[in-house]
Trainee: 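Dropping the structure in here first, questions after.
Order of appearance sets the numbers: ligands from 1, and atoms from 1 within every ligand.
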Amino acid sequence: MSSQMRQVMRRTALLVSGRAAWVTAHRGKIVEGDMKGASDWQTCTACKQSQRGLATGATGRAAVETNINSKMASRFGVVQQGPPIEVFALNKAFLDDTFENKVNLGVGAYRTEEGKPWVLPVVRQVERDMAANETLNHEYLPVLGLDSFSAAATKMLLGSNVAIDEGRAFGIQTLSGTGALRVGAEFLARQLGYKTFYFSQPTWENHRLLFLNAGFNDPREYRYWDQNKRGLDFDGMIADLKNAPENSVIILHACAHNPTGSDPTQEQWKEIANVMKEKKLFPFLDCAYQGFASGDLEKDAWASRFFVEQGFELFVAQSFAKNFGLYNERVGNLTVVMSSKEAIAPVKSQLTLLVRGMYSNPPNHGGRIVSTVLNDPKLFEEWKTCIKTMADRILLMRDSLRNKLLELKTPGTWDHITQQIGMFSYTGLTTKQVEHLVNVYHIYLLKSGRINMCGLTTKNVEYVAKAIHDAVTKFP
Ligand SMILES: Cc1ncc(COP(=O)(O)O)c(C=O)c1O
């Protein structure tokens with residue numbers, strides 16, 4: 001409900017109670033029929049009630065207050081309606097839509113060629129084994145989670161890395177990528193007193209809220225997307241980083257930038273690192289799509305590893321939601337890299353207190369699945385074939401959509417569809433064009449024009465391409 005709507009409802013409640021107050025105040029003084037007109041009570045000059053509908057006469061006001069206090073008041077009445085979260089609201093609208101050929105390009109999760117969620121076969125297998133394993137129980141995990149999980153996750157991210165060899169990198173199990181970002185941000189705000197953070201414009205819609213809730217109070221954007229080029233605004237990004245105050249936390253998407261699908265090249269990453277080193281900025285990499293982006297775990301980890309090799313102290317938030325399809329199991333890892341191993345014990349102790357006071361300890365199920373797979377060479381190979389399957393299907397859909405748009409001679413250039421990587425494509429469609437797709441074609445996508453490539457299938461891609469063609473030609 002919008003705040004405007006809420007205000008209307010609140011006013012209506014006041015009007016109703018005010019009307020009741022008027023009746024109370026005039027009981028015995030009015031004849032039946034005087035109250036028939038809906039606004040009689042508002043215009044009563046005898047008790048000087050105002051045109052605005054709020055009782056201003058002493059009797060009326062007292063009665064209204066008594067009425068509110070006794071019957072309608074709630075301590076929660078002061079709570080303002082918050083705005084809906086676009087991606088969840090969109091998903092609900094999709095589910096409620098009864099149109100047969102509706103298409104969901106909004107949701108941020110993998111879908112098969114049949115448009116269904118996919119439980120990876122290797123995950124199913126491990127779950128079966130876990131269910132049959134009577135040595136497993138439901139005891140609490142340690143506050144920082146399963147060591148076997150976080151060590152393997154950190155290794156998967158950093159590879160054979162000097163920071164691991166020197167014992168100055170470690171991971172802690174968190175509530176998925178969001179939890180890793182939140183714990184990391186709260187640590188930086190509380191322990192190091194950092195208050196300024198930068199996120200790309202545009203970025204994943206949760207970064208801002210999450211850092212503010214964690215105690216940061218100075219949110220800033222760096223330029224990232226060039227709408228004309230339909231690609232990275234690298235000069236803008238560098239200029240903004242150069243102007244950032246020392247110790248600003250810079251949120252960087254480690255690979256497969258959400259929502260644009262446009263990543264810096266390796267040369268550009270080098271320049272970003274140089275500026276960040278020079279300006280003493282703190283890199284907080286957000287790695288939600290390792291392996292899922294290109295199909296290759298090593299390739300997708302390149303930027304994170306490069307920053308560590310450059311000697312940065314940094315945090316990386318890892319999510320296993322996408323690459324393991326474990327969205328609702330909340331499996332994540334916060335990798336911490338420091339320049340000295342002496343700092344590890346105090347940092348871990350503060351992270352322990354932070355998590356203890358936040359959610360006490362993480363859940364077991366998903367973390368154990370990931371740990372089992374990453375620590376078993378055979379299962380690990382099987383999992384890699386699964387991520388390849390997902391990445392390849394996305395690439396196929398990118399090709400199909402672009403080809404269909406070219407066949408239809410849809411105005412504009414569509415090369416960015418295949419140039420972008422990862423699950424999302426930032427189509428460049430305008431708000432009006434998006435509205436047309438949703439309202440006329442029942443194709444659901446974010447207002448920004450971001451689409452999830454997995455929502456496309458060989459069966460619906462033509463329908464979507466024709467709809468985009470129509471939207472682009474009708475609303476150029
Ligand atoms: C860029 C980015 N970071 C972090 C996340 C966190 O996801 P989760 O908390 O489900 O791991 C997402 C999920 O969509 C994302 O796109």
Trainee: Is the backbone N or O of G179 less than 3.5 Å from a side-chain atom of S176, with the two atoms forming a donor-acceptor pair by type?
Mentor: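 Side chain of S176 to backbone of G179: no pair is present.
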Trainee: Which residue in the set Q420, R230, R402 passes side-chain hydrogen bond (donor to acceptor under 3.5 Å, both in side chains) when paired with D415?
Mentor: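 Output: one option passes, namely R402.
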Trainee: Quick one about S200 and H257 (side-chain donor to acceptor, distance below 3.5 Å, no hydrogens or angles considered), yes or no?
Mentor: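 On atom types as modelled, these side chains qualify, holding a pair under 3.5 Å.
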Trainee: Name the residues in contact with ligand 1, where contact means a heavy atom under 4.0 Å away: which are they?
Mentor: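 The 4.0 Å shell around ligand 1 contains S176, G177, T178, W204, H253, N258, D286, A288, Y289, S319, A321, K322, R330.
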Trainee: Does the side chain of E278 pick up a donor-acceptor pair with the side chain of N274 at under 3.5 Å?
Mentor: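 There is no such pair (donor and acceptor under 3.5 Å, judged by atom type) between the side chains of E278 and N274.
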Trainee: Of all the heavy-atom pairs spanning F284 and A180, show the shortest one and how long it is.
Mentor: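 In this case the closest contact between F284 and A180 is CZ-O, 3.8 Å.
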Trainee: Hydrogens and angles aside, do Y224 and D240 bring a side-chain donor and acceptor to less than 3.5 Å of each other?
Mentor: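 No pair is found: no donor N or O on one side chain lies under 3.5 Å from an acceptor on the other.
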